[in-house]
Student: 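Below are the structure tokens for one structure; questions will follow.
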Amino acid sequence: LPIFHSRLFTDIVQTTAVTIRFCPRRTYFTSMIHKTVTQIIPFLRRNDLPECHLYLFGFFDSIPLALILFLLYNGRYSGLGTNLISAAFSGRMIYSYDWILKLLLTILTLAIGYQGGEVTPLFSIGASLGIVLGGILSISPVYCAALGYAAVFAGATNTLLAPVLIGLEVFGANDMVPFLIVCIFAY
């Protein structure tokens with residue numbers, strides 16, 4: 001089947017295998033998935049297709065992505081996500097599902113092979129998730145968005161100092177302790 005030779009499918013399978021392999025809480029179920037996926041990967045790496053077919057698969061992988069991005073709220077989730085960041089900090093509408101859609105569509109875009117922003121989408125995911133959690137936890141949504149802005153970056157990059165410094169630079173040094181606390185937990 002052509003889907004098994006697409007880069008998207010191979011990238012998703014490899015990412016899943018690496019995630020499950022290095023997960024500290026491996027269970028019997030995740031061990032079985034790891035064994036199955038590692039047996040599938042050599043089959044996926046076969047290079048018996050002509051190179052022009054590989055480009056066609058990349059082209060056909062991107063058509064559904066383009067349709068989803070343009071049809072979903074008029075491109076709200078395409079690009080770096082600066083529209084979501086500005087909406088979070090200016091009081092405009094942030095939907096409760098904005099962060100998860102931006103996360104999934106960013107993963108899909110990078111898995112297909114497009115290169116682009118990886119850091120700024122993390123900021124938009126963190127800010128929109130912070131707005132949602134601020135409403136749930138009865139904390140100022142804008143304050144929670146600022147903390148999420150730095151915390152998601154800390155968790156995704158597995159760094160501690162850079163997200164704290166970014167949070168202090170962007171939002172001011174008055175909130176150093178909360179930024180440090182959320183970044184330590186996210187790290």
Student: Indicate if Ile181 and Ile184 have the same hydrophobic cluster label, given that clusters are the connected sets of ILVMFWY residues with side-chain heavy-atom separations under 4.5 angstrom.
Tutor: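 Per the 4.5 Å side-chain linkage, Ile181 and Ile184 are not co-clustered.
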
Student: Please table the atom pairs, donor to acceptor, closer than 3.5 Å between any side-chain atom in residues 103-110 and protein atoms at least two apart or in another chain.
Tutor:
from: Thr106; atom 1: OG1; to: Lys102; atom 2: O; distance (Å): 2.6
from: Thr109; atom 1: OG1; to: Leu105; atom 2: O; distance (Å): 2.7

Student: Applying side chain to side chain contact (heavy atoms under 4.5 Å, CB included), name anything that partners Tyr187, two or more places apart in sequence or on another chain.
Tutor: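 Residues passing side chain to side chain contact (heavy atoms under 4.5 Å, CB included) with Tyr187: Asn158, Leu160.
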
Student: In this structure, would Phe185 and Leu129 fall into the same cluster of hydrophobic residues linked by side-chain contacts under 4.5 Å?
Tutor: no

Student: Once rounded to the nearest 0.5 Å, what's the spacing between atom CG of Asp98 and atom CZ of Arg76?
Tutor: 4.0 Å

Student: Measuring from atom OG of Ser124 to atom CH2 of Trp99, what distance do you get when rounded to the nearest 0.5 angstrom?
Tutor: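 Those atoms lie 12.5 Å apart.
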
Student: Quick one: do Phe179 and Leu137 end up in the same hydrophobic cluster if we chain Ile, Leu, Val, Met, Phe, Trp and Tyr together by side-chain heavy atoms under 4.5 Å apart?
Tutor: yes

Student: Distance check, rounded to the nearest 0.5 Å: Ser138 atom OG versus Leu133 atom CG?
Tutor: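 So the gap between those two atoms works out to 11.5 Å.
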
Student: Applying ring-ring contact (aromatic ring centres under 6.0 Å, His included), name anything that partners Phe70, two or more places apart in sequence or on another chain.
Tutor: none

Student: Show me the donor-acceptor pairs within less than 3.5 Å that the side chains of residues 141-152 make with the rest of the protein, sequence neighbours left out.
Tutor:
none

Student: Out of curiosity, does Tyr97 fall in the hydrophobic cluster containing Leu69 (side-chain heavy atoms, cut-off under 4.5 Å, transitive links)?
Tutor: yes

Student: If you define the side chain from C-beta out and look only at heavy atoms, does anything of Leu84 sit under 4.5 Å from Tyr77?
Tutor: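 In short, these two side chains touch, coming nearer than 4.5 Å.
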
Student: Does Met93 share a hydrophobic cluster with Tyr73, counting links as ILVMFWY side-chain heavy atoms below 4.5 Å and allowing steps through other members?
Tutor: yes

Student: So, taking the atom named CD1 in Ile94 and the one named CD1 in Ile131, what distance separates them when rounded to the nearest 0.5 Å?
Tutor: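 Here the interatomic distance stands at 6.0 Å.
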
Student: As an exercise, state the distance from CD1 of Ile68 to OG of Ser78, rounded to the nearest 0.5 Å.
Tutor: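 Here the interatomic distance stands at 12.0 Å.
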
Student: Please output the side-chain donor-acceptor pairs of residues 163-172 that fall under 3.5 Å, not counting sequence neighbours, one pair per line with the distance.
Tutor:
none

Student: Looking at residues at least two apart in the chain, or sitting in another chain, which of them share a side chain to side chain donor-acceptor pair (under 3.5 Å) with Ser86?
Tutor: Arg92

Student: If you round to the nearest 0.5 Å, how far is CD1 of Ile100 from CD1 of Ile125?
Tutor: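 With rounding to 0.5 Å, CD1 (Ile125) is 8.5 Å from CD1 (Ile100).
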
